[in-house]
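Inspection log for the structure reproduced underneath, given as structure tokens.
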There are 2 protein chains.
Amino acid sequence: MARVTMADVAREAGVSAMTVSNVLNERLPVNEPTRARVMAAVAALGYEVNLTARHLRAGRTDTVAFIVPSFHDYFGEIADKIAPLIEADGRHLVLERTSASPEYEMAAVSVARLQYYDGVLLSVAGLDRDQLDRMRTPKPIVLLGERDVPDRFNHVRLANEEGARLATAHMIEHGSRRILALGCTFDTAHMMSSDRRAGWERALRDAGLDVDARHVVPVSTYTSAAGRDALLDVIASGLPFDGVFAVTDVIALGAIAALAESGLRVPVDVQLAGFDNLDMARFVPPGLTSVDANHEGVAETAVGLLRRQMAGWTGPAEHVVAPVSLVVRGSTRGGA
Amino acid sequence: MARVTMADVAREAGVSAMTVSNVLNERLPVNEPTRARVMAAVAALGYEVNLTARHLRAGRTDTVAFIVPSFHDYFGEIADKIAPLIEADGRHLVLERTSASPEYEMAAVSVARLQYYDGVLLSVAGLDRDQLDRMRTPKPIVLLGERDVPDRFNHVRLANEEGARLATAHMIEHGSRRILALGCTFDTAHMMSSDRRAGWERALRDAGLDVDARHVVPVSTYTSAAGRDALLDVIASGLPFDGVFAVTDVIALGAIAALAESGLRVPVDVQLAGFDNLDMARFVPPGLTSVDANHEGVAETAVGLLRRQMAGWTGPAEHVVAPVSLVVRGSTRGGA
DNA sequence: TGCCGTCATATTATCGATAAAATACGGCTT
DNA sequence: AAGCCGTATTTTATCGATAATATGACGGCA
């Protein structure tokens, strides 16, 4: 059976296609009896509008994309906050994933693909400033994430350095003196981990402690497994430490595993803090102290900026640094 | 600046639009010099195909949707497995979310929205058999999830009862006699939790143990917070127990929190097992014993069924029950 | 020289909806 | 009765690409 088109409905109702369109979109007024006939025909034939044709002609999809490196953890949680905000405007949110590889990310933001959407939230992971700069799209777009981006883009990122400083200072205050920066790096290309390293460093200096480069422990990937392995290596090496600042909660979870396996008690022997305050942080014993990334606020800010652009605003782009706060739990000595 | 269309490229290259289309799609052969001129024009103007127009005319989007109740946890992990399989066919995966409410789920699978996709993977959460039966779409579709579905749909689900039985039997074997079924229910409308309850019950009977209705502990939502609260209530009530089968790992995590807060040791005082074997299960001390839902295999099976349909197969639908296995970790006494 | 086949490229029609312009019609004024 | 107006509805053109069909150019062969 072929699809039912608007023309079929028009024929059934004895009117023109345009009248059907007017009834369904409430654009031009239609007399009640006519309207009723059209609605009856729609119901009788089970007609549903062809959104693709509408998009081609009207240039609107009522759909927003959130483009993320992976569907996991952090991004899943943020996406669940963003979705209701988009839906509140009568639009629809879809997620696309880029695998964190620059090629995929470029493909995902190719002008061709963006055509499907009225607006785009792009969580930047693989693209650097130059690549982003080459991206010329007329679509409303808001960038999220901890990389450096060209000025012309609206951008929401976290107060990474401040968050790391808060977490580290908190552990210093409660007695730690040798704190690892797990998953951090000196490589400034990866802003998230280098900014957080900078915050860790600043807390140490503020307290008059030495910064030991051996305490900066890189990870191969941002996974719990990599965090666990990296920390086990440190423990095996014999390097003494009494605190761990993990660059994300996912990595902190790996650290928890490594500490438990090694018989190190949290927070008695080692204090531990993470970053992102994922749902899971509340429940993993003894409770993971974490920098709260304020997902809700980030989502609201980003959607607000996007909404403004979709409404036609063309003023200068904004660069928002979302404030963070420390949520203290049992993995540090200030906690319950 | 207006968009660059295929006609613009054709003019620039001094050929017809059709020739441009043939060059880009490699449908009809084009002479090398002409081809080169077209490619040059494409590059010069920065042309990118309008996918919406292509879709309208050619009826193909090269996009597959995975429709899920939420972007969190389980679904995020599955989606990350599915994406590469879809991409291997040169297609693109997008996620849509339904909020687990029947209305949203109905809207998401309305014929109108499905038009955007060449195929759909639908994780059924809110829709019952009747509602699904009313869904008449010509699109290739595969259902995932633990609900009962009409025969005409391809469907992949887990061996829920067997998984729950395995986990429960394992705890019995290692000494538990009073095992809670946390998050389970007698309500057969919710197949996932009632099937898993049935498996728990069977393990008890097989071991000659009594089934105590007080041991079936419902949860208000499938979240860690609800799992924690429900288990704390049980503990406060004084009902004795020495094992917990949690209906999902997310709920098991809540149980871990509740047990830790109450000073009950895992696995010495209480053994604990979950279901889904999320990444997190490996890392939460002492390691969460869990029924492995075989995400990879489920993803492959579902994508295989979908691929077959997209290729034109019209044979009878298949109903696959994916096998599960028990992964033993430290939260039960068989573990390390 | 004339006819045919083949390959390359161009034309035409179409996917389904909608914006913009055109028309029909009844009522009301003068 | 002629003219005008506002409302309801229809007609026409279009979004941009592509399937199907048509045209053109050239070489081969009798």
Side-chain angles (χ1 to χ4, degrees), chain A residues 1-39 41-42 45-63 110-116 118 138-139, chain B residues 1-39 41-42 45-63 110-116 118 138-139:
Chain A
M1 52 140 209
R3 296 203 54 61
V4 179
T5 75
M6 195 172 264
D8 298 330
V9 175
R11 196 172 322 112
E12 173 86 9
V15 298
S16 74
M18 205 55 230
T19 297
V20 176
S21 175
N22 283 329
V23 168
L24 295 179
N25 297 298
E26 299 179 332
R27 223 173 71 95
L28 300 182
V30 175
N31 262 10
E32 183 47 35
T34 313
R35 216 190 70 80
R37 279 214 317 287
V38 169
M39 292 310 282
V42 165
L45 301 180
Y47 169 77
E48 298 209 49
V49 68
N50 181 322
L51 294 174
T52 300
R54 169 181 290 170
H55 178 200
L56 181 60
R57 181 71 244 243
R60 159 183 55 99
T61 62
D62 297 324
T63 302
S110 76
V111 175
R113 290 213 58 82
L114 295 191
Q115 299 239 317
Y116 281 143
D118 287 351
K139 288 280 165 174
Chain B
M1 53 142 208
R3 293 205 55 63
V4 180
T5 75
M6 197 171 264
D8 299 329
V9 175
R11 197 173 319 111
E12 172 85 9
V15 297
S16 73
M18 206 54 231
T19 298
V20 177
S21 175
N22 283 327
V23 167
L24 296 178
N25 297 298
E26 299 180 329
R27 223 172 72 93
L28 299 182
V30 176
N31 264 9
E32 183 47 36
T34 314
R35 215 189 72 81
R37 281 215 316 287
V38 169
M39 292 309 284
V42 165
L45 301 180
Y47 169 77
E48 298 209 52
V49 68
N50 182 322
L51 294 173
T52 301
R54 169 181 289 169
H55 179 200
L56 180 59
R57 182 70 248 244
R60 157 181 58 99
T61 63
D62 297 324
T63 302
S110 76
V111 175
R113 289 212 59 80
L114 294 190
Q115 299 238 318
Y116 281 143
D118 287 351
K139 287 279 167 180

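Chain A is the first sequence line, chain B the second, and so forth, proteins listed ahead of strands; every chain is numbered from 1. Given the structure is predicted, the values throughout are model-derived calculations rather than measurements. Heavy atoms only: backbone and side chains are in, while hydrogens, waters and symmetry mates are out.
- The shortest distance between side-chain heavy atoms of S21(A) and R27(A) does not fall below 4.5 Å.
- Closest contact between the side chain of A58(B) and the listed nucleotides dA8(C), dT18(D), dC15(C) involves dT18(D).
- Checking the phosphate oxygens (OP1, OP2) of dT9(C), a side-chain nitrogen or oxygen of T34(B) falls inside 4.0 Å.
- The interatomic distance linking L24(A) (CG) with dG16(C) (P) rounds to 16 Å, in whole Å.
- Residue-to-nucleotide proximity on DNA chain C shows that, of V30(B) and T52(A), the 5′-proximal contact is made by V30(B).
- Rounded to an integer number of Å, the gap from R35(A) CZ to dT9(D) C1' is 16 Å.
- Mapping A17(A) and P29(B) onto DNA chain C by nearest heavy atom places P29(B) at the nucleotide closer to the 5' end.
- T19(A) comes within 4.0 angstrom of a base, heavy atoms only.
- Residue S16(A) is classed as a base contact, given a heavy-atom separation below 4.0 Å to a base.
- Here dT9(C) is the nucleotide among dT18(D), dT9(C), dA17(C) with the atom lying nearest to any side-chain atom of L28(B).
- M6(B) places its CE atom 13 Å from the C1' atom of dA19(D), with the value rounded to the nearest Å.
- Here the nucleotide nearest the side chain of R57(B), chosen from dT14(D), dT10(D), dA19(D), is dA19(D).
- Once rounded to the nearest 0.5 Å, the distance linking CG of L51(B) with NE2 of H55(A) reads 9.5 Å.
- Using a 4.5 Å heavy-atom threshold, the side chains of N50(A) and L56(B) count as touching.
- A donor-acceptor contact shorter than 3.5 Å links the side chain of T61(A) to the backbone of Y116(A).
- H55(A) places its NE2 atom 14 Å from the C1' atom of dT18(C), with the value rounded to the nearest Å.
- One finds the CZ atom of R54(B) at 13.5 Å from the OG1 atom of T52(A) (value rounded to the nearest 0.5 Å).
- When rounded to the nearest whole Å, the span between CZ of R11(A) and C1' of dG16(C) equals 13 Å.
- L45(B) has its CG atom 14 Å from the P atom of dG16(D), to the nearest Å.
- The R54(A) side chain lies nearest to dT18(C) when the options are dT10(D), dT18(C), dG16(D).
- V20(B) comes within 4.0 angstrom of nothing in the nucleic acid, heavy atoms only.
- If you check every strand for non-hydrogen atoms under 4.0 Å, N25(B) touches sugar and phosphate atoms only.
- In this structure, the nucleotide among dA17(C), dA20(C), dA17(D) sitting nearest to the side chain of M18(A) is dA20(C).
- Residues V15(A) and T34(A) form a side-chain contact, since some pair of their non-hydrogen atoms from C-beta on lies under 4.5 Å apart.
- Summarising the geometry, the separation between CG on N22(A) and P on dT23(C) is reported as 18 Å, rounded to the nearest angstrom.
- With rounding to whole Å, R27(A) atom CZ is found 16 Å from dT7(D) atom P.
- A sub-4.0 Å separation between OP1 or OP2 of dA8(C) and a side-chain N or O of N31(B) is present.
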